[in-house]
There are 4 protein chains.
Amino acid sequence: MKNLDKHDKIISAAIKVFAKKGFFNARISDIAKEAKVADGTIYLYFNNKFDILVSVFEEEIGKIIAQIELSLSSETDPQKKLEIFARHHLTAMKRNKNLAEVIQIELRQSNKVVRDYRNTAFQRYINLISEIINEGQSTGVFRKDIMPGIAKRALFGALDEVTRVWTSASDTSYTLEETIDQLYQIFISGLKIRS
Amino acid sequence: MKNLDKHDKIISAAIKVFAKKGFFNARISDIAKEAKVADGTIYLYFNNKFDILVSVFEEEIGKIIAQIELSLSSETDPQKKLEIFARHHLTAMKRNKNLAEVIQIELRQSNKVVRDYRNTAFQRYINLISEIINEGQSTGVFRKDIMPGIAKRALFGALDEVTRVWTSASDTSYTLEETIDQLYQIFISGLKIRS
Amino acid sequence: MKNLDKHDKIISAAIKVFAKKGFFNARISDIAKEAKVADGTIYLYFNNKFDILVSVFEEEIGKIIAQIELSLSSETDPQKKLEIFARHHLTAMKRNKNLAEVIQIELRQSNKVVRDYRNTAFQRYINLISEIINEGQSTGVFRKDIMPGIAKRALFGALDEVTRVWTSASDTSYTLEETIDQLYQIFISGLKIRS
Amino acid sequence: MKNLDKHDKIISAAIKVFAKKGFFNARISDIAKEAKVADGTIYLYFNNKFDILVSVFEEEIGKIIAQIELSLSSETDPQKKLEIFARHHLTAMKRNKNLAEVIQIELRQSNKVVRDYRNTAFQRYINLISEIINEGQSTGVFRKDIMPGIAKRALFGALDEVTRVWTSASDTSYTLEETIDQLYQIFISGLKIRS
DNA sequence: GATGAATGAGCGTTCATTCAT
DNA sequence: GATGAATGAACGCTCATTCAT
């Protein structure tokens, strides 16, 4: 964590504070204290409190998207790609629980700017799933009667909800491999016993 | 909507206002105006602003839980039960978009009381899913290697995320039947083409 | 001072505080304390700090204008009218030193709203002088080569500056009658010895 | 504007900024930018923001006083002296509108230091008028019943108010000669038609 | 001397909550 | 019970001033 410049220190602090208290209950002075800077310093790097939140989204989610795109690029099998996506998402969220919390909670705000962000940059992330499904359908691995536009929502929602519980410190009921395997089984093979 | 007493009028108004502005941006005076009562009147029925939110959860989600339990009680086939659950959830959320919004956003607050609620009463709702899966496994319809504790999260998460998009007024891409069928296909049969 | 409603109490307090500290150095809490209301109460009656200042101008100067118009209405002799104007201005300012201070200092702010006010409502006050001069010229009492547009400024400026010194508590060098007589002599008869 | 050292550059910039925004709305960074120096540099030449304002008064008004004293020294006729004073004041203010604005507005602040300055150095300027009147009375040109202590205020106030309007860029209603002549007529000969 | 990033005290304003009517 | 005017604690943000480079 050395050599982080002020901007990054503030972003990191904000993620921690937003995760703990939520955006609205977070105080600028909380973030400043956490970042070990003066309150006023924050305004040298961000326009206002809300701008900090948006920056967290843009910068941090951007990094995750870039990483996962990289991870997926070296794989061609759609089934494996879905597994990679799930594994990557889960581990990325687990590694940065605070960011996960912020994404899961604050990215749902009804605020117009947040909505817009969710509908653009974050959309890119979710669309990675529908692209994989499309590929699978093209190569004949996945059923053609599945609509990628709905399936991507279903998969992301499942992943997101499982993540919430799985990343919570208290939950040690399931291992990473177990969790991924379960999601994989459900989505790839379904619940029904094959006749 | 006839014969609503003040308490219910305030709850209804709060759902509308919370949905539109979010809990933190909602003003007590907004709710009072919407409920056509004086600001102070609200405090005759609720302890504080937060208490209104909790009451929304407890009373409104309680109603939905009761309804769905009733719907499920007359059905024995686990597969059909899952379908009923999905259909019921989607239609209930569509019918009351504002409540859906409040549940999806505000029930995720990091506040301790909200967390506790989510972990108790709301849990009951989600546990309906794991119970169905358990039943299916007992009766030999569902695979025994699926862990209901994870699967219930996956199904609820999928349902929740699909709901968010599907209930949004602008989205007319998919019909109710289409959406339910897709979820059913994915979860029951999986993505993979049966060999 | 009894039976003043909150609005008037705040205006009175603001005049006192603005006079003592100046608009920019005045704190809302100073005004609130002086008016014996809570800080927040001020915002039930005024939009913001600046709105208080503008209200002081509009309401208090409005009263003074109305009074002086009444005083002038019963007199026809232009010379006497000028004397009445001067006497009225001096006594009104002396009676309400704080308001005088606020008018003399804050009404000169470069702020657009203040400038506009000075150019409209306050203008009405100053124009009373040019109207009197016009009358005097019509009736042949005043020299026709005097331009009322410049003279009104000269007279008002003189009156204003004399007022500043004369109303200051410390200055007891000149009586009211003396001061008015001097202004009258200077403006009516000039400095020069009549040949 | 060549070869101004930092001190003078800052003073010039401050006059411009104070004139445009007023002292309280002016930012140190505004002045620094206008002077093309760093914010911190200002504190190498001035103790604080207020000190800049006081320096503007002391240095710039000092120059004007010196100039006018020089102009008056070569004239002996009191009437001519008054005319010179008015002409000098008007042209000096017109030449440096920004300084005029600062003097007219900021020199009225209720702050003790400003008051003191107005009562000392600035007083010297105004007293030039009473000295002229005294001379005129000694030489028998001016009426002895005029009290120089009041008349100096009246003349200065008139001059100041006329200046405000006359220097404003938009006002082209009156020429310099017209304006001076009018003031001269009013004060020297009065409004009344000589019988 | 010059810089400008950093500081943190200070204030206008908001709004949940109270309580006299 | 119902009202809504009044309260005052709380906080985002600004900006004069400092000081390490």
Side-chain angles (χ1 to χ4, degrees), chain A residues 5-7 9-10 23-33 35-52, chain B residues 5-7 9-10 21 23-33 35-53, chain C residues 5-7 9-10 23-33 35-52, chain D residues 5-7 9-10 21 23-33 35-53:
Chain A
D5 72 356
K6 291 261 161 66
H7 177 101
K9 273 169 72 180
I10 294 167
F23 176 77
F24 290 103
N25 288 319
R27 304 291 143 234
I28 288 293
S29 56
D30 295 335
I31 299 173
K33 187 179 282 183
K36 296 200 172 84
V37 298
D39 291 22
T41 304
I42 290 180
Y43 291 87
L44 296 176
Y45 296 91
F46 302 92
N47 296 322
N48 50 47
K49 189 185 172 189
F50 191 69
D51 187 36
I52 306 176
Chain B
D5 70 356
K6 293 258 165 69
H7 177 100
K9 273 169 71 179
I10 294 167
K21 304 188 153 193
F23 176 76
F24 290 103
N25 288 319
R27 307 287 148 238
I28 288 291
S29 57
D30 294 334
I31 300 174
K33 185 180 281 185
K36 296 198 172 88
V37 298
D39 291 21
T41 304
I42 289 180
Y43 289 85
L44 297 175
Y45 295 90
F46 302 91
N47 296 323
N48 51 46
K49 188 186 173 188
F50 192 70
D51 187 36
I52 306 176
L53 181 64
Chain C
D5 71 356
K6 291 263 161 65
H7 176 100
K9 272 169 72 180
I10 294 167
F23 176 76
F24 290 102
N25 288 319
R27 303 295 141 232
I28 288 292
S29 56
D30 295 335
I31 300 173
K33 186 178 283 183
K36 295 199 173 84
V37 299
D39 289 22
T41 303
I42 289 180
Y43 291 86
L44 296 175
Y45 296 91
F46 301 92
N47 296 323
N48 50 46
K49 190 186 170 187
F50 190 69
D51 187 34
I52 306 176
Chain D
D5 71 355
K6 292 259 164 69
H7 177 100
K9 274 169 71 180
I10 294 167
K21 304 187 152 195
F23 177 76
F24 289 102
N25 288 320
R27 306 288 148 240
I28 287 291
S29 57
D30 295 334
I31 299 174
K33 185 179 280 185
K36 295 196 171 89
V37 299
D39 290 22
T41 304
I42 289 180
Y43 289 85
L44 298 175
Y45 296 91
F46 301 91
N47 296 322
N48 51 46
K49 188 186 173 186
F50 192 70
D51 186 35
I52 306 176
L53 180 63

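Naming: A, B, ... by sequence-line order, numbering from 1 per chain. Below, all heavy atoms of this structure are taken into account, side chains as well, without hydrogens, waters or symmetry copies.
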Between C/I42 and C/I31, which heavy-atom pair has the shortest distance, and what is it?
CD1-CG2, 3.9 Å
Would you kindly compare B/K36 and A/A26 by the position of their nearest DNA chain F nucleotide and give the one closer to the 5′ end?
B/K36
Grab the CG-P distance between D/N25 and F/dT14 for me, whole Å please.
14 Å
Over 60° means perpendicular and under 30° means parallel, so tell me whether B/F24 and A/F24 are parallel, tilted or perpendicular.
parallel
Residue closer to the 5' end of DNA chain E, C/S29 versus D/A38 (nearest nucleotide):
D/A38
Looking at D/R27, I'd like to know whether one of its side-chain N or O atoms comes within less than 4.0 Å of OP1 or OP2 on F/dT14.
no
For D/G40 and for C/T41, find the nucleotide of DNA chain E with the closest heavy atom, then tell me which residue's nucleotide is more 5'.
D/G40
Rounded to whole Å, the CG-P distance (A/L44 to F/dC13) equals 14 Å
Do the non-hydrogen side-chain atoms of C/K36 and C/K6 ever get within less than 4.5 Å of each other?
no
How long is the line joining CZ of A/F23 and P of F/dC11, in whole Å?
14 Å
Looking across every strand, which nucleic acid part, if any, lies under 4.0 Å from A/I28 by heavy atom: base, sugar-phosphate, or nothing?
sugar-phosphate
Its dot-bracket string being built from Watson-Crick and G-U pairs below 3.5 Å, with | for another strand and [ ] for crossing, DNA chain F has the pattern .||||||||||||||||||||
Closest non-hydrogen contact found for A/N25 with A/D30 is O-OD2, 4.2 Å
For A/Y45, which contact category applies under a 4.0 Å heavy-atom criterion: base, sugar-phosphate, or nothing?
sugar-phosphate
Check the distance between F/dC13's C1' and A/I31's CD1 and give it to me in whole angstrom.
13 Å
Among B/Y43, B/Y45, B/F46, which one satisfies side-chain contact (heavy atoms from CB on, under 4.5 Å) with B/D51?
B/F46
Could you state the atom-to-atom distance from NZ of C/K33 to C1' of F/dT7 in whole Å?
16 Å
DNA chain F nearest-nucleotide lookup for A/D39 and D/F50: closer to the 5′ end is A/D39
Answer yes or no: is there a donor N or O on one side and an acceptor on the other, between the side chain of B/K21 and the main chain of B/R27, under 3.5 Å?
no
Nearest heavy-atom contact between D/D39 and D/I28 is O-CG2, 4.4 Å
Can you give me the first and the last nucleotide of DNA chain E (5' to 3') that has an atom within less than 4.0 angstrom of a non-hydrogen atom in chain C?
E/dC11 to E/dT14
Separation of F/dA16 atom P from D/L53 atom CG, nearest Å, is 13 Å
Measure the spacing between NE2 of D/H7 and CD1 of D/I52 and express it to the nearest 0.5 Å.
10.0 Å
Rounded to whole Å, how long is the line connecting atom OH of C/Y43 with atom C1' of F/dA9?
15 Å
